[in-house]
Protein chains: 2
Amino acid sequence: MLDERKASILRAVVEGYIETAQPVGSGHVANAPGVTVSSATVRNEMAALESDGYLAQPHTSAGRIPTEKGYRYFVDTLSEPVLDRASAQQIRAFFDRTHGEIEEMLAATTRLLSGLTNSAAVVVRPGHESSPVRTVQIVGLAPSTALFVAVLADGSVEKATVELLVEADEAVLEAAARHLATHLTGRPLATLAQVPPALETTVEAVVARVRLAGVSASADEQVFVGGAASMAASFEAVHTIRSVLSILEEQLVVVSLLRDVVDRGLSVAIGSETGMQPLAECSLVVAPYTVDGEQVGTVGILGPTRMNYPQALAAVAVVGQRLGHRLSEG
Amino acid sequence: MLDERKASILRAVVEGYIETAQPVGSGHVANAPGVTVSSATVRNEMAALESDGYLAQPHTSAGRIPTEKGYRYFVDTLSEPVLDRASAQQIRAFFDRTHGEIEEMLAATTRLLSGLTNSAAVVVRPGHESSPVRTVQIVGLAPSTALFVAVLADGSVEKATVELLVEADEAVLEAAARHLATHLTGRPLATLAQVPPALETTVEAVVARVRLAGVSASADEQVFVGGAASMAASFEAVHTIRSVLSILEEQLVVVSLLRDVVDRGLSVAIGSETGMQPLAECSLVVAPYTVDGEQVGTVGILGPTRMNYPQALAAVAVVGQRLGHRLSEG
DNA sequence: GTTGGCACTCGGTAGCATCGAGTGCCAACG
DNA sequence: CGTTGGCACTCGATGCTACCGAGTGCCAAC
């Protein structure tokens, strides 16, 4: 696409801009390692890169800054990013140290990633509809309220409060639980929607309500967000921070955003590639993680377009991989 | 403390500053409703208020802004704040509409409060140690891993992953569960720590591990935070936003912050009254909520010191009250 | 094709005058 | 004697000008 010299000049501009947040002039580029020509030549090449859409000039007589196309080229031609020692060590220590509930662990993972990249970090955990049911319970809470509890094979516990509409004693609840257990155990939780009616009418009344309440509960992904504060530090405009924050607050938006990027087979979405106007000044770096060979979730970070891509790509990839391993073992 | 005239002048300054975010001059105060004297008199009084520590001057020849002491006086002498119609209606609609799991409801409550006050909102739900146990279950996940699940009377489900150290078959797990059930059912979950050893050694091995893993799980409060974006909109300095965000991200800090304020019997903590240096420019408005007459949690908002206190106080109080009612019924 | 040289551009900064909101003080007034 | 109008003063904000310098495009020479 670009000849070697243009490429290294572009690379120098991107790296310079990432480091200083200032437009990069021909002088700096000429001094950069990997560029051996004079500043005049650099100027010619930069003019060409600008008319090709890789660079932009905030105003005449200023240096150049990368466009989205420029960042894209930079990212695409990046040599396989490798993690620095300190970060690798930090990740290793984290996964050695962290135990306990998966929710707590995923939340902690966002803090880890955010610390490594100075960006907001996101971990998406998929819904549990397809995980097989291990046990089913119905516990009465009030005369006409019960709690449906299902323990799934992946170790998650799904619960749904059920308004029974009628009063039901323990015996009825137990019968309903037994009925559900026979049709659910070993099958995915989503099967709940197809559990056949129970024979006895009082029991069926309970089962029907559980069927209704339980289905919606398990479907949605769970999103963990961390490091909004470090994200805020990367932007100077308050309105940018504000709009990024409001996006991060909407779980549904975050989920579909990440899914969208992953589905397109990308690991980086730059500015408008995210498909969200408020993220025009942001980039998203994502990696799916797999448990037992199956892709089950996504980790990612959200930072400014002028983020440190090599570091971010490496960190996200390694954390995603380690997270998958960790979840596979237990 | 202050004579009537000083009080209304102080009030006018606080209200003016809250509205405009600009230092308030004697001219504006003289025109304010409730002030009938000339601007010269206002100037004299304002000088007195300043030397008494209620007002401050950013620089000579600028208007006055309230000090923390000024805000404090303003809040303390506020007539019982009453909610405007629109907000009251919004709250009513919210509680009529909202159903489902308590976690989802508390999260939605933060969004409600944040919308009403343009601040970040926080809801703290206490730990469940003291809630009686309804059922106990131990589910094997892997040869030497099990999941301890307890359903509590308040409808919450506590779970803890247990590394067994030894392999245990279903029969042993079931025996352990039965042992735990006999000593736990009807008693607070915290009793888990005092469950006596089981007789059979293989069973006791499991019980011991559960005892260990289960205790830590139930102790901690759960914190829901919402509306960080609206909070960000209230500040101009990025570093303020950043430090507030990093506080909101630390659950432990938020919990102890709110508890501290509630314990001091306050419903408003202004600036340094929060006891946290990074919150110097923030105020905290809190209200406990009660379920069945027992104080079980806290709702609150975190905004700039120049927030709309009457509105905030009213909104937090009403939401806390309605939330308590709502949780009491079912 | 590359490079040094050069005129040019234009944002940023400093200096300076001006403006005006606001103050403190004082003398006059009821 | 408290209140008020008047007045000189302060000082941040605004606007203007000059200037500096980083950076550019272009061109002639190598």
Side-chain angles (χ1 to χ4, degrees), chain A residues 2-67 70 236-237 306, chain B residues 2-67 70 236-237 306:
Chain A
L2 294 181
D3 61 63
E4 186 46 45
R5 195 169 68 185
K6 280 201 178 60
S8 31
I9 289 175
L10 175 55
R11 206 155 25 236
V13 172
V14 172
E15 280 166 357
Y17 186 64
I18 284 173
E19 191 179 351
T20 65
Q22 300 289 330
V24 182
S26 54
H28 290 137
V29 173
N31 291 332
V35 178
T36 52
V37 292
S38 76
S39 67
T41 311
V42 171
R43 278 200 289 284
N44 292 332
E45 296 289 47
M46 274 167 57
L49 283 168
E50 179 169 0
S51 72
D52 285 351
Y54 292 98
L55 294 178
Q57 221 175 354
H59 51 261
T60 342
S61 90
R64 305 302 211 288
I65 62 177
T67 60
E236 24 4 274
R306 45 169 289 275
Chain B
L2 294 182
D3 61 61
E4 186 46 46
R5 195 168 68 186
K6 280 201 178 59
S8 28
I9 289 174
L10 175 56
R11 207 154 24 236
V13 172
V14 173
E15 281 165 357
Y17 185 63
I18 284 173
E19 190 179 351
T20 65
Q22 299 290 331
V24 182
S26 56
H28 290 135
V29 173
N31 290 332
V35 178
T36 52
V37 292
S38 76
S39 68
T41 310
V42 170
R43 278 199 290 283
N44 292 331
E45 296 288 48
M46 275 168 53
L49 283 168
E50 180 170 0
S51 70
D52 286 352
Y54 292 97
L55 295 178
Q57 222 174 352
H59 52 261
T60 342
S61 92
R64 304 304 210 289
I65 63 177
T67 61
E236 17 14 87
R306 45 169 289 275

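Under a 4.0 Å N-O distance rule, the pair A:Arg11/A:Glu4 qualifies as a salt bridge.
Distance, A:Asn44 CG to D:dT24 P: 11 Å, rounded to whole Å. When the P atom of C:dT23 is taken as reference, atom CD1 of B:Ile9 falls 11 Å away, rounded to whole Å. Across the protein-nucleic acid pair, A:Arg5 atom CZ and C:dT2 atom P stand 4 Å apart, rounded to whole Å. For A:Ile65 and D:dT24, the CD1 to P distance is 13 Å, given to the nearest whole Å. The interatomic distance linking B:His59 (NE2) with C:dT23 (P) rounds to 10 Å, in whole Å. Remark: C1' of D:dG23 and CD of A:Glu45 are 17 Å apart, rounded to the nearest angstrom. Atoms CD (B:Glu50) and P (C:dG24) sit 7 Å apart, rounded to a whole Å. Atoms CG (B:Leu49) and P (C:dG22) sit 17 Å apart, rounded to a whole Å.
Closest to the B:Thr60 side chain, of the nucleotides D:dG25, C:dT3, D:dC11, is D:dC11. When distances are taken from the side chain of A:His28 to each of C:dT3, D:dG23, D:dT24, the shortest belongs to D:dG23. Of the candidate nucleotides D:dT4, C:dC10, C:dT3, D:dT4 has the atom lying nearest to any side-chain atom of B:Val37. Comparing atom distances between the B:Gln57 side chain and each of D:dG25, C:dT23, D:dT4 picks out C:dT23 as nearest. You'll find that the side chain of A:Ala40 is closest to C:dT3, out of C:dG22, D:dC11, C:dT3.
Contact of B:Ser61 with D:dT10 (side chain to base): a donor-acceptor pair of N or O atoms is detected under 3.5 Å. A donor N or O paired with an acceptor N or O is not found under 3.5 Å between the base of C:dG4 and the side-chain atoms of A:Arg43.
Across all strands shown, C:dT3 is found opposite D:dA28 as a Watson-Crick or G-U wobble partner, with both distances under 3.5 Å.
At a threshold of 4.0 angstrom between heavy atoms, the contacts of B:Thr41 include nucleobase atoms, whether or not backbone atoms are also involved.
No donor-acceptor pair closer than 3.5 Å links the side chain of A:Ser39 to the backbone N or O of A:Ala30.
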